[in-house]
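As structure tokens, the structure follows; a few thoughts come after it.
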Amino acid sequence: MSKTPAFTCTGCGARHRKWAGRCDACGAWNSIIEEAPLSSGPGAPGPRGRSIALSDLATAEAPPPRAASGIAELDRVLGGGLVDASAILVGGDPGIGKSTLLLQAAASFARSGLDCLYISGEEAAAQVRMRAQRLGLAQAPVRLGAETSLRDILTTLDAERPRLAVIDSIQTMWLDTIEAAPGSVAQVRAAAHELVSFAKKRGVAVILVGHVTKEGQIAGPRVVEHMVDTVLYFEGERGHQFRILRAVKNRFGPSGEIGVFEMTGAGLAEVSNPSALFLSSRDAPAPGSAVFAGIEGSRPVLTEIQALVAPSPLGTPRRTVVGLDSGRLSTILAVLEARVGIPFTGLDVFLNVAGGLRVTEPAADLAVAAALLSAREDVALPTDMVLFGEISLSGALRPAAQTENRLKEAAKLGFTQAALPAGSRHGADAGMALRELADLAAFTGDMFGAG
Ligand code: TYD
Ligand code: MG
């Protein structure tokens with residue numbers, strides 16, 4: 001192997017002969033790090049490797065043993081509980097409530113008999129203890145440590161051998177073998193690698209906390225994501241009390257699953273019926289409001305889409321979106337103009353998902369279009385109506401998955417009618433009056449007498 005140092009861009013993976021502030025290949029700044037040359041490899045000198053044992057695909061495999069925390073919203077997002085020796089990353093904005101969630105989770109696991117260690121690199125033990133007391137968790141048998149030196153932490157974990165170790169946060173951990181500041185890509189990567197290897201070798205489950213910014217730019221979670229088994233993101237708007245724990249990746253369960261919490265004065269409270277909560281603040285019939293019957297993970301969730309349309313004083317009217325993809329809004333506006341003949345030129349458009357949830361399902365299109373039209377025409381939609389369906393570029397409505405689950409959830413919450421794509425019903429209507437629509441023009445004709 002060559003002895004020349006290798007430098008790699010952490011952004012695009014390009015190799016460089018020497019360090020530079022900016023990567024020529026992808027243009028990213030401060031992304032180049034020195035890689036230690038590999039000591040072994042297929043062509044490396046030294047003794048031959050041993051042959052590995054191979055098996056077939058048919059061998060019966062028992063499902064991995066799991067421990068439930070008793071916090072149902074967390075257990076479901078984990079895929080049914082914590083898997084032994086698994087590595088989990090919990091990412092999120094600073095201040096969103098990661099430490100609170102994990103302290104509550106650690107206490108809950110510990111109370112159900114799991115030996116649990118909580119290592120804080122951000123707060124002193126006294127601070128964590130004060131928070132635990134405020135949360136009413138002081139009696140939980142969690143063992144607490146405040147440390148940032150990974151060497152000391154690994155030695156401690158090796159001696160104590162807990163079932164679960166929470167590391168809060170990976171950005172504060174440092175290895176003395178790496179000459180870089182804590183929080184740098186090199187340190188975060190190395191620390192995560194050490195902890196994940198330790199988890200696998202010693203059978204200790206580890207939960208790593210990682211801070212991200214809105215853009216996900218900060219060194220951390222993104223470089224750790226591929227090393228761990230499970231990636232959970234804790235999301236929410238700072239001004240709202242709702243918090244959503246979302247499984248982005250899960251080797252031991254379905255991804256896309258969400259858990260809903262509410263931040264209260266006494267920590268995070270589980271929200272087992274999110275639809276009721278997201279709709280609870282809905283006022284009397286108002287133009288610009290439409291209820292979307294969505295699916296988040298395995299669960300139906302109803303959310304209110306709100307739109308405001310007003311004449312714009314600007315040359316380029318404003319398009320402001322919270323909780324939805326802004327590209328999707330542009331597409332829907334373009335379809336409304338081109339296929340239904342309803343232009344939004346010269347109008348400012350504001351779109352918002354109430355409650356702070358982020359909706360990513362394409363089936364939200366119809367509810368978005370309905371909210372926009374309702375705001376533009378100043379006509380309120382019936383308050384007992386839900387909508388769902390994806391809008392294609394031709395203006396046609398595409399059937400959505402899990403129609404029956406959506407309708408059942410809506411019926412449960414007192415809704416009596418639904419607008420949905422034609423052909424999505426397979427017999428079941430959950431007792432709702434259904435308006436089955438072939439395309440967006442049919443919908444506008446039906447609701448607003450236009451199109
Ligand atoms: P924290 O868990 O420290 O966030 P993170 O670890 O993600 O940085 O939570 C910080 C916020 O949560 C803080 O602004 C105060 C709020 N909070 C409550 O509202 N209620 C509580 O019981 C606790 C412990 C925190
Ligand atoms: Mg914290």
Side-chain angles (χ1 to χ4, degrees), residues 69 71 73-74 77-78 88-111 116-140 142-148 150 153 164-174 182-183 187-188 191-192 195 206-222 224-225 228 230-248 258-271 277 355-358:
S69 67
I71 303 177
E73 294 294 301
L74 172 66
V77 174
L78 286 172
I88 297 159
L89 171 71
V90 177
D93 294 341
I96 204 72
K98 300 180 295 297
S99 302
T100 309
L101 174 71
L102 290 174
L103 191 58
Q104 288 183 240
S108 202
F109 275 121
R111 279 182 173 149
C116 193
L117 235 68
Y118 185 99
I119 312 275
S120 176
E122 303 208 324
E123 292 161 305
Q127 266 175 299
V128 180
R129 220 173 283 129
M130 262 166 57
R131 176 182 304 202
Q133 280 158 17
R134 204 150 70 74
L135 297 172
L137 304 174
Q139 303 309 317
V142 176
R143 292 190 287 162
L144 185 63
E147 184 53 63
T148 56
L150 203 63
I153 291 173
L164 168 67
V166 177
I167 309 290
D168 185 4
S169 67
I170 191 70
Q171 271 100 350
T172 55
M173 298 297 146
W174 61 281
Q187 281 286 8
V188 167
L195 285 162
V206 296
I207 299 182
L208 310 176
V209 175
H211 297 294
V212 244
T213 60
K214 277 266 180 289
E215 304 79 40
Q217 284 299 336
I218 275 194
R222 288 290 138 92
V224 177
E225 276 182 3
V228 296
T230 301
V231 178
L232 309 179
Y233 274 97
F234 204 38
E235 318 167 333
E237 297 292 327
R238 202 64 70 84
H240 287 290
Q241 69 272 40
F242 307 127
R243 299 283 182 271
I244 288 143
L245 187 66
R246 191 185 291 274
V248 176
I258 66 164
V260 183
F261 297 88
E262 187 179 1
M263 183 60 99
T264 69
L268 291 157
E270 288 182 75
V271 176
L277 195 77
L357 186 73
R358 241 200 104 69

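Numbering of ligands and ligand atoms starts at 1, following listing order. These figures come from a predicted structure and were not determined experimentally. FYI, the numbering just counts along the sequence from 1.
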Is any side-chain heavy atom of L357 less than 4.5 Å from a side-chain heavy atom of F242?
no
One should read off an interatomic distance between I71 CD1 and F109 CZ, to the nearest 0.5 angstrom, of 7.5 Å
Pair S169, E122 - check side chain to side chain donor-acceptor pair (under 3.5 Å), show working.
CA-CA 7 Å; S169 67; E122 303 208 324; 2.8 Å; yes
For G267, does its backbone N or O pair with a side-chain atom of Q104 as donor and acceptor, under 3.5 Å?
no
At less than 3.5 Å, what protein N or O atoms come close to the N or O atoms of ligand 1? Include the distances to 0.1 Å.
| unit_1 | atom_1 | unit_2 | atom_2 | d |
| --- | --- | --- | --- | --- |
| ligand 1 | 2 (O) | S99 | N | 3.3 |
| ligand 1 | 2 (O) | T100 | N | 2.8 |
| ligand 1 | 2 (O) | T100 | OG1 | 2.6 |
| ligand 1 | 2 (O) | R131 | NH1 | 3.2 |
| ligand 1 | 3 (O) | R131 | NH1 | 3.3 |
| ligand 1 | 3 (O) | R131 | NH2 | 3.2 |
| ligand 1 | 4 (O) | G97 | N | 3.1 |
| ligand 1 | 6 (O) | S99 | N | 2.9 |
| ligand 1 | 6 (O) | S99 | OG | 2.7 |
| ligand 1 | 7 (O) | I96 | N | 3.4 |
| ligand 1 | 7 (O) | G97 | N | 3.0 |
| ligand 1 | 7 (O) | K98 | N | 2.8 |
| ligand 1 | 7 (O) | K98 | NZ | 2.9 |
| ligand 1 | 8 (O) | G95 | N | 2.7 |
| ligand 1 | 20 (N) | T264 | O | 2.9 |
| ligand 1 | 22 (O) | G265 | O | 3.2 |
| ligand 1 | 22 (O) | G267 | N | 2.8 |

Using a cut-off of 2.8 Å, count how many protein N, O or S atoms are strictly closer to the Mg ion (ligand 2).
1
Exercise: identify the closest heavy-atom pair between A125 and A146:
N-CB, 3.7 Å
E270 side chain to E73 main-chain N or O, any donor-acceptor pair under 3.5 Å?
yes
Under 4.0 Å between a side-chain nitrogen and a carboxylate oxygen: does that hold for E235 and R246?
yes
Would you find a donor on one side and an acceptor on the other, under 3.5 Å apart, between the side chain of R243 and the backbone of M263?
no
Quick one: do V224 and V231 satisfy side chain to side chain contact (heavy atoms under 4.5 Å, CB included)? Show the steps, please.
CA-CA 9 Å; V224 177; V231 178; over 6 Å; no
